[in-house]
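Before any comments, here is the structure.
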Amino acid sequence: MVDNLQEIEKKKRSLIQYYENPRIAADAWKSNGGKVMGYLCSYVPEEILFAAGILPVRILGHLNDLSVASSYFQPFVCRLIRSTLEKGLSGSLGYLDGVIISYTCDGMRMLYDTWEANVKTGFNYMLDLPSSLDSETNLRYFSSAIKDLAASVAGYTKKEIREEDLRNAIAVYNRYRRLAKELFYLRLSNDLPLSSDEFMKINLAALTSPKDSFSDELESFLALLKDGVKTGMTGSRIKKASVHISGAVVVDPVFYKLIEEVGGYVASDDLCTGTRYYWDEVEEAGDPIESLVHRYISRVTCPSKYPAQNRPSFQLDRIRESKAMGVIIFGEKYCDPHLFDIPAVRKRIEESGISTLLLETELVATGREQMVTRLEAFMDILKRKERK
């Protein structure tokens, strides 16, 4: 038992290191002659980059103070956008060979123009996707945009992206998605030695690592956890109130630590840096580009896209299967698509008999004392409801 726990801890630290220092994977990739490309938004089809021999790295924003970017963007632009520009201007993203930004809002459009004018990366690309996904015209436009991206990437690398390379990339990414879901469900059904913030870090680590080697490590980690479950290993979530996290991008582990400190446990989420990122697979049969188009246009919808037919059911399915006692909604300041979506989200969740708490955030966990007070009050509400 002790040896198994030590091995679990060792493997856990090995996975989390890619979150704590994204340069580990990027530098190793570049040392082998590969290119590394940053991207914003889970609508960017990473499989195309991977098929071209490029390591896709999700840009997760900046948790420290902002200074340089404030000269370019007003304070009412969301912190993800401002902090990304800060990292670009300060040189901390200098290892990137290029950046792909998806047009999800006007702020992202402005970020692309400002980045292209002021940050020197070799390949800058605006992935212009339609906001409406419910017409044949927009489907054709979406397909054309994905094909144009593939052609531009091939032109940049001066290397043809072969169909077999795309098929291999799709298989690699699907394998990761299956393993990520397996960890999600294993954690739901067992009390693992894996805290909420550690689980979050592992999910975020996958966004900055090669999916093939990361999946190898993740599969090994899962095997250790399963062996531990068989021998009666437990974690520390007993008597904690399970909660679901709803929102967009959550990258500060302090949020999850605070939830656990006041007696909560993050059981599930519908974040674009969480389940929405890895939930839907790509069809491995048929034309690979068309399969990618279908996956990215039919995946769990982001509030920046319309219609949102599958998002409500996805949220409620994750809440119900995790048996979450309450839902904490992170409302990112100045993120118009998600903030506009919050009233409808709260209404449908509360109509199902589940309490919600809205926390207005700005990527980083500031105002901790006030946040702890509100979280403590929410946990008290959940525990009183459970006793009834």
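Just so it is clear, the values below take in all heavy atoms, side chains as well, and ignore hydrogens, waters and symmetry mates. Because the structure is predicted, anything quoted here is derived from the model rather than measured.
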For the pair T273 and R58, evaluate side chain to side chain donor-acceptor pair (under 3.5 Å) and give the outcome as yes or no after the intermediate values. CA-CA 9 Å; T273 47; R58 178 85 175 260; over 6 Å; no
Less than 3.5 Å apart, any donor N or O on the side chain of [X] or [Y] sitting next to an acceptor on the other?
{"X": "T121", "Y": "W115", "value": "yes"}
{"X": "S304", "Y": "T104", "value": "no"}
{"X": "E260", "Y": "S195", "value": "no"}
{"X": "S355", "Y": "K385", "value": "yes"}

What class does the angle between the rings of F50 and Y173 fall in, given that below 30° is parallel, 30 to 60° is tilted and above 60° is perpendicular? perpendicular
Just say parallel, tilted or perpendicular for the rings of F314 and W279, cut-offs at 30° and 60°. perpendicular
Please check if the number of heavy atoms outside [X] that lie under 6.0 Å from its [atom1] is greater than 12.
{"X": "Q74", "atom1": "CD", "answer": "yes"}
{"X": "R368", "atom1": "CZ", "answer": "no"}
{"X": "Y185", "atom1": "OH", "answer": "yes"}

Do Y95 and L204 share a hydrophobic cluster (ILVMFWY, side-chain heavy atoms under 4.5 Å, transitive)? yes
Is there a path of hydrophobic side-chain contacts, each under 4.5 Å between heavy atoms of I/L/V/M/F/W/Y residues, joining Y256 to L357? yes
For the pair [X] and [Y], find out whether any cationic side-chain nitrogen is under 4.0 Å from an anionic carboxylate oxygen.
{"X": "R384", "Y": "D380", "value": "no"}
{"X": "E47", "Y": "R295", "value": "no"}
{"X": "E219", "Y": "K11", "value": "no"}
{"X": "R13", "Y": "E198", "value": "no"}
{"X": "E332", "Y": "R82", "value": "no"}
{"X": "R175", "Y": "D216", "value": "yes"}

Closest non-hydrogen atom pair between [X] and [Y], with its separation:
{"X": "L359", "Y": "R374", "result": "CD2-NH1, 3.6 Å"}
{"X": "V251", "Y": "L60", "result": "CG2-O, 3.5 Å"}
{"X": "L127", "Y": "P45", "result": "CD2-CD, 3.9 Å"}

Quick check: does any side chain N or O of [X] sit under 3.5 Å from a backbone N or O of [Y], one acting as donor and the other as acceptor?
{"X": "S291", "Y": "E284", "result": "no"}
{"X": "E86", "Y": "V68", "result": "yes"}
{"X": "S143", "Y": "L139", "result": "no"}

What residue among I100, V99, I101 forms side-chain contact (heavy atoms from CB on, under 4.5 Å) with Y112? I101
Any side-chain heavy-atom pair from V266 and M200 closer than 4.5 angstrom? no
For Y306, which fellow cluster members are found when Ile, Leu, Val, Met, Phe, Trp and Tyr are connected by side-chain heavy-atom distances below 4.5 angstrom, either directly or through intermediates? none
Apart from L339 itself, which Ile, Leu, Val, Met, Phe, Trp or Tyr residues share its cluster (side-chain heavy atoms under 4.5 Å, direct or through members)? L316, I319, V327, I329, I342, V345, I349, I354, L358
Side chain to side chain donor-acceptor pair (under 3.5 Å) between N203 and Y19, worked out: CA-CA 9 Å; N203 285 333; Y19 159 76; over 6 Å; no
Does Y43 have K305 sitting over its ring (NZ/CZ under 6.0 Å from centre, angle to axis within 45°)? yes
Please determine which of R346, R311, K347 meets the salt bridge (Lys or Arg N to Asp or Glu O under 4.0 Å) test together with D341. R311
Any residue meeting side-chain hydrogen bond (donor to acceptor under 3.5 Å, both in side chains) with K10, in chain and number order, not counting sequence neighbours: none
